[in-house]
Amino acid sequence: MIAEVIVDVAAHPIDRPFDYAIPKEVAVLAEPGMRVKVPFGNRKVLGFITKLKETSEFDPKRLKPIHELMDVVPVLNEELLKMAQWMKEQTVCFEIDALQVMVPAALRAKYEKRFVLNAPLEEIAAPLRIYFEKRPFIRLQDAVDIYSLLKKEMEKGTIIADTDIQQQTAVKKVRMIHISDSIEKLEAIEIRANAKQQLKLMDFFLRNAGRSIESSQLQKEAEVSLPTIYSLVEKEAAQISNMESYRDPKLLTEIEQKSSLQLTGAQQIAFDSIENALNTPKTFLLHGITGSGKTEIYLQTIDQVLKQGKEAIMLVPEISLTPQMTIRFKERFGDQVAVLHSGLSAGEKYDEWRKIQRAEVKVVVGARSAIFAPFQNLGLIILDEEHESSYKQDDSPRYHARDMAIWRSEYHNCPVILGSATPSLESYARAQKGVYELLVLEKRAKNQPLPDVHIVDMREELRNGNRSMFSVQLADAIRDRLEKKQQTVLFLNKRGYSSFVLCRDCGTVMQCPNCDISLTYHRSSETMKCHYCGYDERVPKTCPECESEHIRFFGTGTQKVEEELAKVVPEARVLRMDVDTTRNKGAHEKILSAFGEGKADILLGTQMIAKGLDFPNITLVGVLSADTTLHLPDFRAAEKTYQLLTQVSGRAGRDILPGTVFVQSYTPEHYAITLAKDQLYEPFYEQEMAMRRASGYPPYYYVVNIQFTHEDLMTVAEYADQTVRYLKSHLSPNTLIIGPSASLIARVNNRYRYQCLIKYKKEPKLTDTMQQLIKIHRTEWLKKGATLSIDMNPTSVM
DNA sequence: GGTTGGATCCAA
DNA sequence: TGGATCCAACCT
């Protein structure tokens with residue numbers, strides 16, 4: 001038997017199956033979808049079996065055998081293997097990247113370089129022997145001091161270099177103690193009278209004969225230590241076994257089971273449409289204003305799917321920010337739910353994934369990669385907040401969860417629901433064309449009015465001499481809420497407020513020496529870091545340009561606002577939520593629940609808090625500057641602004657108390673701002689579509705962004721230039737090629753970056769042409785040190 | 001991506 | 001001529 005293996009080497013020439021012989025001993029076990037260790041060149045790498053076959057085109061004498069099977073049960077099923085190939089074509093990525101992204105990180109390989117003893121210990125130099133006494137190898141990282149000695153031994157061949165493949169996290173095992181069920185046997189065991197601990201434990205055993213208990217639990221209950229347990233195990237009073245167990249990610253809130261809510265008329269209509277299509281591969285766009293009760297529809301549709309004995313995937317943009325969603329799912333479906341989000345450790349994610357693989361759960365709630373949940377019998381896929389850009393992975397494989405969802409829906413003959421208050425223009429346009437079925441919820445479920453949104457012209461404020469970041473109206477409103485003991489949420493758009501370090505005398509902003517970007521100030525370590533290449537240095541005492549000592553660093557934007565806020569309302573209790581305060585595990589939940597319990601008056605943060613904030617006492621929302629996202633050089637700037645404002649406004653007045661929103665802007669007349677005020681999606685859609693049509697962007701055109709990098713500016717410019725000429729001569733005349741031009745950040749890590757844009761409506765030769773580009777890259781540019789990256793349907797073109 | 005081995009250049 | 005160093009080829 002021969003196995004086709006996709007090897008864990010992400011490089012253009014390796015991006016194809018390699019044939020391996022399957023050793024006789026494991027021939028019965030080997031299956032497609034299993035991970036294997038294989039020799040590759042003169043090292044060993046991990047790979048995935050993608051196919052089994054009888055014969056190979058490759059010279060059988062040169063065929064190497066698989067070194068080791070890493071799985072007993074395949075980690076990828078037939079569907080996912082097929083999907084990986086499709087994904088490779090769609091996103092122009094390496095097949096290995098597609099395969100790896102489908103598997104939990106814990107199952108991806110960790111490579112460790114080490115030196116292995118290849119002769120009797122006595123034959124190597126005396127000073128080295130102590131290193132090899134315990135183990136026949138030493139890890140590279142532990143061997144820095146003895147490197148020259150090792151090198152000599154390697155020349156003799158007594159020590160060889162090797163790479164070891166390790167699995168990161170394994171199955172968690174717990175020690176179970178099985179107490180003997182025979183009282184007579186227990187009573188017959190002799191224990192010395194002075195062994196007080198053992199006597200105490202035996203007493204416990206007699207009272208609990210026949211019970212199986214986790215050893216840590218036993219230590220607590222019987223108040224004894226582990227050695228005591230072991231000594232009784234030796235006397236055969238109990239047996240020890242290791243049992244597989246799941247890590248248990250603790251939720252802060254107790255979950256009680258809840259049943260369905262009564263659907264409103266509009267919800268019922270939407271629900272019925274989906275229910276009627278449960279066994280068809282249909283895509284619905286559920287357009288419901290904030291607070292219209294989309295989640296309840298999701299829950300009840302999933303319930304129907306479960307009744308059919310099928311499974312469901314529920315995607316959310318970033319689940320660690322939306323604990324409420326997780327809680328609602330657990331309330332409704334209990335332990336049939338697996339949760340996958342970035343707040344979990346690799347081991348916890350692996351455990352959740354295993355529950356899915358073993359069909360122990362029926363529903364998965366998770367972020368982007370949960371779309372690859374290995375369910376065998378999918379009945380429904382939901383993407384909540386479908387417009388969110390986090391559904392598109394921004395490095396290879398650059399896939400969009402929405403595309404993957406639709407592919408799987410066709411495979412399983414099941415529907416997809418795309419839900420949003422502010423659908424992406426692409427999805428809405430498809431719904432208009434009838435590709436998706438549009439379902440609309442126009443009213444809030446509890447019939448609350450929409451929040452009262454005021455747009456504040458900040459130019460006016462400036463003219464009136466108010467130079468602070470709070471308008472008079474907003475400041476008054478904050479004080480008012482403070483008096484009424486109601487809560488306020490303040491949003492700051494992160495971009496444009498990054499924390500740079502500046503010389504106040506000459507105006508120099510500290511730049512990264514490797515990239516064309518300013519360094520970011522990190523208060524905790526008193527350093528400046530480059531977020532693109534990782535470069536860091538201490539904040540200088542004097543300016544490197546003019547030697548002035550007037551170095552000023554701005555903390556993160558939110559810190560600055562917090563300081564200003566203290567001047568406006570010194571008595572307010574403020575909670576700040578940003579990258580600094582949420583670094584620790586579970587910090588999001590803690591801050592949010594603290595706010596929910598009324599431990600603060602004001603919650604201040606970036607748009608990361610916009611999602612899932614659902615507290616009845618929030619009656620005021622302030623957007624400090626709506627402009628920062630609006631004027632980004634990106635075709636989605638207006639769309640993003642509209643979405644953000646709508647979402648943020650929706651945080652106010654979700655319960656009985658009505659909500660008020662202040663949106664501060666220097667361009668208050670912009671349609672993205674004026675139309676978000678009353679959640680007028682349709683008019684916004686029309687106007688933005690007109691802009692897109694005029695400028696030739698999605699949904700009118702599809703876009704491909706191609707980026708080139710090279711150490712040398714001239715070389716990269718030439719590469720980009722040649723590519724553009726190639727594209728122009730090979731693609732159809734209606735297709736537009738924009739550029740080449742230098743990227744917005746023209747140099748990263750000392751490499752210059754150029755890009756060009758393909759805009760097309762219909763381009764049957766696109767995939768072929770991209771493959772051609774890769775071929776040219778491989779044969780001509782790779783060896784010159786250039787890189788090529790292709791982003792199909794990018795979320796932004798900056 | 002990582003290893004190897006051959007070509008090339010330099011100091012003796 | 002050893003040896004350092006730089007690339008191109010190859011990987012089943």
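All chains are named by letter (A, B, ...) in the order of the sequence lines, taking the proteins before the strands, and each is independently numbered beginning at 1. The figures here come from the full heavy-atom set of this structure, side chains too, leaving out hydrogens, waters and symmetry mates.
If you check every strand for non-hydrogen atoms under 4.0 Å, Ile14(A) touches a base. Residue contacts shown for Ala10(A) are limited to sugar-phosphate atoms, with no base heavy atom under 4.0 Å away. Across all strands, Phe58(A) comes closer than 4.0 Å to base atoms (heavy-atom distances). Counting any heavy atom pair closer than 4.0 Å across all strands shown, Asn42(A) reaches sugar-phosphate atoms only and no base atom. Arg43(A) comes within contact range of at least one nucleobase, with a heavy-atom separation under 4.0 Å.
Between Arg368(A) and Glu388(A), none of the side-chain N atoms (NZ, or NE/NH1/NH2) sits under 4.0 Å from a carboxylate O, so this pair counts as no salt bridge.
Protein atom CG of Leu46(A) is 15 Å distant from nucleotide atom P of dG2(B), rounded to whole Å. At whole-Å resolution of the value, CG in Asp8(A) and C1' in dT3(B) are 16 Å apart. Atom-to-atom, CD1 of Ile160(A) to P of dT4(B) comes out at 11 Å; the value is rounded to the nearest Å. In this structure, the CZ atom of Phe40(A) is 14 Å from the P atom of dT4(B), given to the nearest Å.
Taking the six-membered ring where the residue is Trp, Tyr391(A) and His400(A) present tilted rings, their angle falling between 30° and 60°. Relative ring orientation between Tyr719(A) and Trp781(A) is described as parallel, the plane-to-plane angle staying below 30° on a 0-90° scale split at 30° and 60°.
When all heavy atoms are compared, the tightest approach of Arg778(A) to Pro13(A) is CZ-CA, 3.7 Å. For the pair Arg408(A) and Ile371(A), the tightest heavy-atom approach, listed with the atom from each and the gap, is NH1-O, 2.7 Å.
DNA chain B contains the following stems of three or more consecutive Watson-Crick or G-U pairs, with both distances under 3.5 Å: B:1-11 with C:1-11.
Scanning residues 775-786 of chain A for heavy-atom distances under 4.0 Å to DNA chain C yields Lys783(A).
No side-chain donor-acceptor contact under 3.5 Å links Asn514(A) to the backbone of Asn750(A). Side chain of Glu763(A) to main chain of Ser732(A): a donor-acceptor pair is present (N/O by atom type, distance under 3.5 Å, no hydrogens or angles). His710(A) places no side-chain N or O within 3.5 Å of a backbone atom of Glu718(A) that could act as its donor or acceptor partner.
When the side-chain nitrogen and oxygen atoms of Lys113(A) are compared with OP1 and OP2 of dT3(B), one or more of them lie within a distance under 4.0 Å.
Annotation for Tyr702(A): atom OH does not count as buried by contact number, only 12 or fewer foreign heavy atoms lying within 6.0 Å.
Annotation: cation-pi pair Arg135(A)/Phe132(A) absent, no NZ/CZ under 6.0 Å from the ring centroid and within 45° of its normal. Cation-pi check for Arg354(A) over Tyr350(A) is met; the charged atom lies under 6.0 angstrom from the ring centroid and within 45 degrees of its normal.
The nucleotide range of DNA chain C contacted by chain A, defined by atoms under 4.0 angstrom from heavy atoms of the protein and reported 5' to 3', is dA8(C) to dT12(C).
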